Every structure is written in structure tokens, then in C-alpha cells.
Amino acid sequence: MNDYDALVIPGGVMNPDKMRTNNDCVEFAQQFLEVGKTVAAICHGPQLLIETGLIVGRNVTSSPSIRTDLENAGVLWEDKEVIVDNGLVTSRSPKDLPAFNKKIIEEISQGQHSSIAYSPTPAH
């Protein structure tokens, strides 16, 4: 993880579904979130982030089909082409790629963000 400036989590239905059941993938994403490095996830990609327990209270977007999953994990979900929350960049779909890519570059250029300890339990 020290060799990387950012983590980009791919979308699609199967990619995040397989990654979220792989402890190595979950731990890798968790490390990026813990130290405040840029993490970007598009489409269904935020499903992996649910498993880290570190996105409670974060502002995100995603494919609308996983909105309920994300809200149940304690995030604040909005239907926007891209949302940035302290180094966490999320987008809905491939049609949002221009805005998504632009924000990833901006966040990486800002360097490491403040690491924020989020509660692993969703707030209700």
C-alpha cells in the first residue's frame, strides 16, 4: 500500500462482489481509507467499501441499484455524477467517467487527506 498514491475500485456487478468477499481486497481498501489516501469507486465499486466498516457518515454516490445497501451501511447517498468526501471519490456509471477521472486527479494532486476514524457501526 505504501507504493501507491490512490486506489481505484472498478465497477460492474461482478468485480466488487468478488472483491468484497476477498479479505485481502477488503484489508487493502481499508488501509487506504485509514491513512487518508485517495480512494475512488464507480458504479458498484462502493460495495467493497461497505466491507471495510469505514464509510459510515461519508457522502457517496453509486449505481442506484446499490443505494439501499450503502444507506444501510450508514452513508449519505446522493444521485450525482461525482461526489468527493475527504479523498473518497465516487461516481454512478461509465457516463460519469469524465467527471470521475477529473476528480481522481485533483484528489491525488492534493496528496494524503486527513485520516478520519469512522464508527464501524451504521448510525440509525
Side-chain angles (χ1 to χ4, degrees):
M1 194 265 312
N2 292 329
D3 294 333
Y4 304 99
D5 294 318
L7 173 63
V8 179
I9 302 167
V13 176
M14 294 306 298
N15 293 325
D17 193 54
K18 293 214 179 266
M19 287 187 295
R20 74 188 302 185
T21 61
N22 181 312
N23 288 335
D24 291 335
C25 290
V26 174
E27 289 173 16
F28 194 66
Q30 189 172 27
Q31 290 172 11
F32 277 81
L33 291 169
E34 287 173 345
V35 300
K37 288 191 176 185
T38 298
V39 174
I42 192 166
C43 192
H44 287 71
Q47 285 181 315
L48 170 62
L49 301 177
I50 292 170
E51 300 303 319
T52 69
L54 297 175
I55 60 170
V56 174
R58 303 292 293 262
N59 295 300
V60 303
T61 193
S62 68
S63 171
S65 66
I66 64 167
R67 175 183 182 168
T68 301
D69 298 329
L70 288 162
E71 288 178 335
N72 287 340
V75 306
L76 306 169
W77 191 91
E78 289 185 70
D79 186 13
K80 291 185 177 179
E81 71 178 353
V82 65
I83 293 180
V84 179
D85 181 337
N86 192 38
L88 175 59
V89 181
T90 53
S91 279
R92 301 171 299 194
S93 72
K95 69 181 169 80
D96 299 326
L97 279 171
F100 182 63
N101 291 337
K102 180 181 177 188
K103 289 298 182 183
I104 292 170
I105 293 167
E106 288 175 12
E107 292 302 300
I108 292 170
S109 70
Q110 290 178 10
Q112 199 160 323
H113 296 77
S114 62
S115 57
I116 300 174
Y118 288 94
S119 168
T121 307
H124 295 283

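Owing to the predicted nature of the structure, the values given are computational and were not obtained by experimental measurement. Note that these values count all heavy atoms, side chains included, but never hydrogens, waters or copies made by symmetry.
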Euclidean distance, [Y] [atom2] relative to [X] [atom1], rounded to 0.5 Å:
X: Gln110; Y: Ile105; atom1: CD; atom2: CD1; answer: 12.5 Å
X: Ile66; Y: Cys43; atom1: CD1; atom2: SG; answer: 7.5 Å
X: Trp77; Y: Arg67; atom1: CH2; atom2: CZ; answer: 5.0 Å
X: Leu70; Y: Gln47; atom1: CG; atom2: CD; answer: 7.5 Å
X: Ser91; Y: Lys80; atom1: OG; atom2: NZ; answer: 12.0 Å
X: Ser63; Y: Arg92; atom1: OG; atom2: CZ; answer: 10.0 Å

Next on the checklist: Whether Lys103 and Glu107 form a salt bridge (side-chain N of Lys/Arg under 4.0 Å from carboxylate O of Asp/Glu) is what I want to check.
Outcome noted: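 Salt bridge: no.
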Nearest heavy atoms of [X] and [Y], plus distance in Å:
X: Glu106; Y: Ser109; answer: O-OG, 2.7 Å
X: Leu48; Y: Met19; answer: CD1-O, 3.7 Å
X: Asp5; Y: Lys37; answer: O-CB, 3.9 Å

Checklist entry - Where do His44 and Asp17 land on the side chain to side chain contact (heavy atoms under 4.5 Å, CB included) test, with the steps shown first? => result CA-CA 8 Å; His44 287 71; Asp17 193 54; over 6 Å; no
Contact between [X] and [Y] at the side-chain level, heavy atoms closer than 4.5 Å - yes or no?
X: Glu51; Y: Cys25; result: no
X: Leu97; Y: Ile42; result: yes
X: Ile83; Y: Thr90; result: yes

Next on the checklist: Starting from Ile108, can I reach Phe100 by hopping between I/L/V/M/F/W/Y residues whose side chains sit under 4.5 Å apart?
Outcome noted: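 Yes, same cluster.
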Checklist entry - Same hydrophobic cluster for Leu88 and Val8, using side-chain heavy-atom links shorter than 4.5 Å among ILVMFWY? => result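 Each belongs to a different hydrophobic cluster.
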Item to check | Heavy atoms from other residues, nucleotides or ligands near CG of Asn22 exceed 12 (cutoff 6.0 Å) | outcome: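 Yes, the 6.0 Å shell around CG holds more than 12 heavy atoms from other groups.
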Next on the checklist: Is there a side chain to side chain contact (heavy atoms under 4.5 Å, CB included) between Thr61 and Val82? Walk through the geometry before answering.
Outcome noted: CA-CA 7 Å; Thr61 193; Val82 65; 5.9 Å; no
Next on the checklist: If we ignore hydrogens and angles and just use 3.5 Å, is the side chain of Thr52 paired with the main-chain N or O of Val26 as donor and acceptor?
Outcome noted: no
Next on the checklist: Looking at Asp85 and Asn59, would you say the former's side chain and the latter's main chain have a donor-acceptor pair under 3.5 Å?
Outcome noted: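 Pair found, side chain donor or acceptor close to backbone of Asn59.
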Next on the checklist: Here's a test for you: under side-chain contact (heavy atoms from CB on, under 4.5 Å), which of Ile9, Leu7, Val60 qualifies with Leu49?
Outcome noted: Ile9
Checklist entry - Should the ring pair Phe32 and Tyr4 be called parallel, tilted or perpendicular, given that the plane angle runs from 0 to 90° and is split at 30 and 60? => result tilted
